[in-house]
Amino acid sequence: LDTETTGLDHRVDDVVSFGAVRLRANRIFVGDAADWRVRADLPSAPVSIEIHGLLNRDLDSGLNEANFVERLVAYVGNSVIVGHRLGFDMAILNRLVREQTGGTLNNQTLDVFDLAMRFDFPLKPRFIRPEPYRLDRLCERFGVDRSARHTAAGDAYATALIFSYLVQRLHEQGVTTVGDLLKRYP
């Protein structure tokens, strides 16, 4: 999954776009993809608009926050959530879920940033340059089209393709289930 937001402070900023695709048995199901706009209470910061390209008027027909949270909780269910640099996305989503329902998303998560790094460096050395693991660089590395980058749906799809590639390579090393993956890369 991926979000685009009004800014970079998960404590106060809002989601303006949410994208996700389902993965089962290392297959991506785009027919069940989520590509939702969300009406934000806060206007987007100019720097955020430069990244995601969504003007405040583009969000007028989006979901209100309560409907977004309801759909989000139903969509993710008890699935393992996969994303790139997932900490920010989960922090802002959990804040919104907490505000609307009093609960949080308690799903297990897998971060493709960390997974790709651990794939290259299984012992997780302390000092690794993060640049090679940025989403654009991972797209280059794995031959993923970047034309839809910086949209929530486009970033979610690119992340799913990279995750699928990594899972295929890990399968060759004996990692055959999500449980195996979570044990190997806690």
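- N94 places a side-chain N or O within 3.5 Å of a backbone atom of L105 that can act as its donor or acceptor partner.
- In this structure, D2 contributes its side chain and G83 its backbone to no donor-acceptor pair below 3.5 Å.
- Annotation for Y157: atom OH does not count as buried by contact number, only 12 or fewer foreign heavy atoms lying within 6.0 Å.
- The closest side-chain heavy-atom distance from V16 to V38 is not below 4.5 Å.
- The distance from atom CD1 of I162 to atom CG of L115, rounded to the nearest 0.5 Å, is 10.5 Å.
- Within 6.0 Å of CG in D120 there are more than 12 heavy atoms belonging to other residues, nucleotides or ligands.
- C139 contributes atom SG, which lies 8.5 Å from atom CG of D145 (distance to the nearest 0.5 angstrom).
- Between atom CZ of residue F68 and atom OG1 of residue T3 there is a gap of 8.0 Å, rounded to the nearest 0.5 Å.
- Between atom CG of residue L8 and atom CG of residue D13 there is a gap of 7.0 Å, rounded to the nearest 0.5 Å.
- The pair R11-D9 meets the salt-bridge criterion, since a charged nitrogen lies less than 4.0 angstrom from a carboxylate oxygen.
- Ring orientation note: the planes of Y165 and F142 are tilted relative to one another, at an angle of 30° to 60°.
- The environment of CD in E140 is crowded: more than 12 heavy-atom neighbours from other residues, nucleotides or ligands sit within 6.0 Å.
- Atoms OG1 and CG, on T159 and L86 in that order, are 9.0 Å from each other to the nearest 0.5 Å.
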